Amino acid sequence: MAAMDPAYDPKRVESTWYSRWEKAGVFRPELNPDGEPFAIVIPPPNVTGVLHMGHALDQTIQDLIIRRKRMQGYAALWLPGTDHAGIATQIVVERELAKEGMSREEMGREAFIEQVWLWKAAFGGKITDQIRRMGFSTDWTRERFTMDEGLSTAVRKVFVDLYHEGLIYRGNRIISWCPRDRTAISDVEVEHEDEVGELVYVHYPFKEGGGGIEVATTRAETMLGDTGIAVHPDDPRYSDAIGRIVTVPLVHRQIPIVADEAVDPAFGTGAVKVTPAHDQTDFEIGRRHGLDTVCVIDEAGVINENGGRFAGLDRFDARRAVKEALASDGALIKVEQHVHAVGHCQRCHTVIEPYLSDQWFVKVAPLVGPAIDAVRSGDIRFVPERWDKTYLHWMENLRDWTISRQIWWGHRIPAWYCEACGEVIVAIEDPTRCECGSTDLRQDPDVLDTWFSSGLFPFSTLGWPDDTDDFRRYYPNAVLVTGYDIISFWVARMIQFGLHLTGRKPFSDVVIHGLVRADDGRKMSKSLGNAIDPLEIVDVHGADALRLALIQAAASGQDVPFQVEWVDAARRFGNKLWNVVRFAVANLGEHSVPADGGYPAEPGPESAWILARLHDVFARTDELLEEYRFSEAYAVLYSFAWSEAFDWYLELSKTLLKADSEETRATLGVVVRDLLKLFHPVIPYVTEELWSYLVGEGLIAAATWPHPPECEEPAHFEVFRELVVGFRRFRAEHGLSPRAPLQATLVDPDGVASPWWFPQFQALASVVPAVGAAPAGDVFSRVVGGSAQVFISLEGLVDVDAERTRIDKEIADVSSVLDRSRGKLAKPDFLDKAPVEVVAKERAKVVEFEALLEKLAAQRSDLG
RNA sequence: GGGCGCUUAGCUCAGUUGGCAAGAGCGCUUCCCUUACAAGGAAGAAGUCGGGGGUUCGAGUCCCUCAGCGCCCACCA
């Protein structure tokens, strides 16, 4: 094998491993055929989309989970898939066609859909390539697409079954309509924003003359479709008006005044105009009072022929025109500024129009109860827990789900209408004739909401509704990882569908993470120009660096402002690891470390120290990972690796190795190897490359998760560490060279002997252990640990003032801490009520600090 | 109108049953090119944990309140 490069080059390292992993079948759960199943469903990205930072974070977390589980021996399945993303994809393709001067209307439905499939074939691979580039270990042999045959079959079966159960129905309702996309959308696809509008007060005269009634409206244009006026039944101002007839200005329609509880007497004039065709509340009022429905706005948001002279005007132009016409007619009383929430299309931001139309709905009431219970009972667990509230609140206030979309790209609704008798046929197989004998059948032109098929993803991808091996084995999935922004879109629907259709929960744990934000704290978006392309980061710093940076930054479901500096730091960590292994290989030899085990049986103090730390840090890290506290886990591990294993043990090992110790070689090897394993789930490429040098047996991706044995930490090692710091500090503060020889005497009442490696490691001329006695003569002393003290011979080189200043400061610091501790211990309540271990800890602290202070005071007085 | 989150070092953020002499990365100061790494090492400076009140032996951590920022939900026209 070639010698290792002197520096880590992510580009080179990341170029080959992915295909080797795939070829070796590492990503297939069959790698661990006897393992317990553990499955994750990927939130399927849009098939024609590109990877953004949100995906990068989401999928890095999933990869971390699945790679660790795989190493732990589970039959770990991470099933990849893509979503056909109905409206989004259709819009993209339409836009492309428009560049060539074509429109879908001209092409016709079939030709257009063919175009979309071509588009998907051409660009659908982009996002999956990007997933590979990031190193995500999905099982590509099981890849699915929401419009593939199996998933389409599942969709169709679900629709038909729910229809026959009465959970899917067709109805003529007011729904949210996007006049730009010309389709119905569901409630969750509407974004409300406060906007400043106008509250227009209009006078509606009584038919028989003698005054009239005033109403206030923010949507003056809808008065063209007014069919009633409503007031609250208990409103004394209008008790005489109820039942009377007024004339709608401009259109001169005669409409009744009705009484309805839905009216808020405190708003406006307490009288509201009722436009059943263009407002949800009005629709219901109209229905209760048998009012007519006059539609005046068409599917494009334009006033139709019922709008008289306003026909042909866009709804916003009409609003102005109606207001002006009212003014010139003398029907306009006044106009006030008014802030109110306006719904916008989530996709194109067009103002939503409440629109009366025939649509298909999912009746949610029967689905809600189980979906609430599953979370309330803890059967499905949100992490962090607080997202329970968001989920439950949404679930508890759910209205029927509009699932039909007036677009072409998607799962066509399996409903046919008999042109002869009007019968509706809903069937899995395309029907050819109606019961009435007619063959004149017309399929419903609409397609289903994209989220309908995504809602089935956790089980449809495993082969359901067939009772497949995969479905039996991997369902329910173990965990779902996603951002909080799609809890209502997706998570809630999977839970409802999963429980109802399979009788079981779709997954046990729902890990919610934050959104990646730009460094200005705003949402990353192309239109704001603050989006960072993860692939560009990968090109410069490597996928590993991006992954590690995201994991470190993404704490506990909090949003993460993305900063390139983090990636840079993460890449430097890769370089560090690289050089650590280079050092290990140079000293231990290539392929010298076993893939497992190899821990020294009876380690001496130096090995015991690092092995004890390794065990403790491993245990803590593993615990945190199990609790999905990723950033904390890797903070612990990162700090141990760099500050203790590398900066300390590895430095020390240089001295130890000079004694040619087999034990040190073994220890160094296993510590580095286990760190590679522990970091592998986050930075798979560089660890795999380094494994090939250090271990060379198999792949780290298929290696076993480490389990360093427990090891008792040697009693005095921390004292030695403090001593070393003390020596370094002494030199630094006195302007001595870091390697200037020092003459030192260690005095420790516990009789600790200074370790043999001190003189070489810290260039001490000699360290003389002594018990209980300070050497006489011209020395400075340092306090270390609680009891040990080291005396360093002056050699006449020392800056006495600097030492005085330092000691004075330390005395002040120690005194203040000591005062606080003494204060605590002086309180009887503390002694009575605090746990014994806390009191003991406080006492020990006082003893330690008193000794420290005493020694510091002595040192200070020695200095004069 | 409800609900949630945030306010900790110059910057971006950790800190989960209350026991912290408050941490990290970046930045900053001083020293060191020691043959794994200068993409590095060593030693440092730096915070009355948004304000006020409370509970408690003890509060960055719990409660109340005020202020600021952000997000989500909501059919008052």
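Within every chain, numbering begins at 1; the chains are lettered A, B, ... in the order of the sequence lines, protein sequences first and strands thereafter. Please read all numbers here as calculations on a predicted model, not as lab measurements.
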Between A:Tyr201 and A:Glu336, does any side-chain donor sit less than 3.5 Å from a side-chain acceptor? yes
May I ask you to say what [X] touches in the nucleic acid, namely base, sugar-phosphate or nothing, with a heavy-atom cut-off under 4.0 Å?
X: A:Asn587; value: nothing
X: A:Glu651; value: base
X: A:Ala569; value: sugar-phosphate
X: A:Val263; value: base
X: A:Lys833; value: base
X: A:Lys845; value: sugar-phosphate
X: A:Leu199; value: nothing
X: A:Thr390; value: nothing
X: A:Phe283; value: nothing
X: A:Phe849; value: base
X: A:Trp648; value: nothing
X: A:Ala586; value: nothing
X: A:His338; value: sugar-phosphate
X: A:Ala341; value: base

**Q.** Value in whole Å for how far the P atom of B:G5 lies from CZ of A:Arg386
**A.**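 The distance from CZ of A:Arg386 to P of B:G5 comes to 6 Å, rounded to the nearest Å.
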Separation of B:U16 atom P from A:Arg629 atom CZ, nearest Å, is 8 Å
### Charged tip of A:Arg173 within 45° of A:Phe283 ring normal and under 6.0 Å
no
* Give a yes/no verdict on a cation-pi contact between A:Arg721 and A:Trp757, requiring under 6.0 Å between NZ or CZ and the six-membered ring centre and an angle within 45° of the axis. =>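 The answer is no; the distance or angle limit is not met.
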_So, does A:Arg729 get its side chain near the phosphate of B:G44, meaning an N or O under 4.0 Å from OP1 or OP2?_
yes
Geometric class of the A:Phe573/A:Trp642 ring pair [parallel <30°, tilted 30-60°, perpendicular >60°]: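 Rings of A:Trp642 and A:Phe573: tilted, as their planes differ by 30° to 60°.
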*On RNA chain B, check which nucleotide each of A:Pro828 and A:Glu565 is closest to and give me the residue with the more 5' one.*
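Nearest-nucleotide comparison on RNA chain B picks A:Glu565.
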Assert: residue with more 5' nearest nucleotide on RNA chain B, out of A:Ala271 and A:Trp642, is A:Trp642
- Task: Would you confirm whether A:Asn579, through its side chain, and A:Asn575, through its main-chain N or O, come within 3.5 Å as a donor-acceptor pair?
- Result: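 Side chain of A:Asn579 to backbone of A:Asn575: a pair is present.
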> Where the side chain of A:His340 is concerned, which of B:C26, B:A77, B:A21 is the nearest nucleotide?
Replying inline: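 Nearest nucleotide to the side chain: B:A77.
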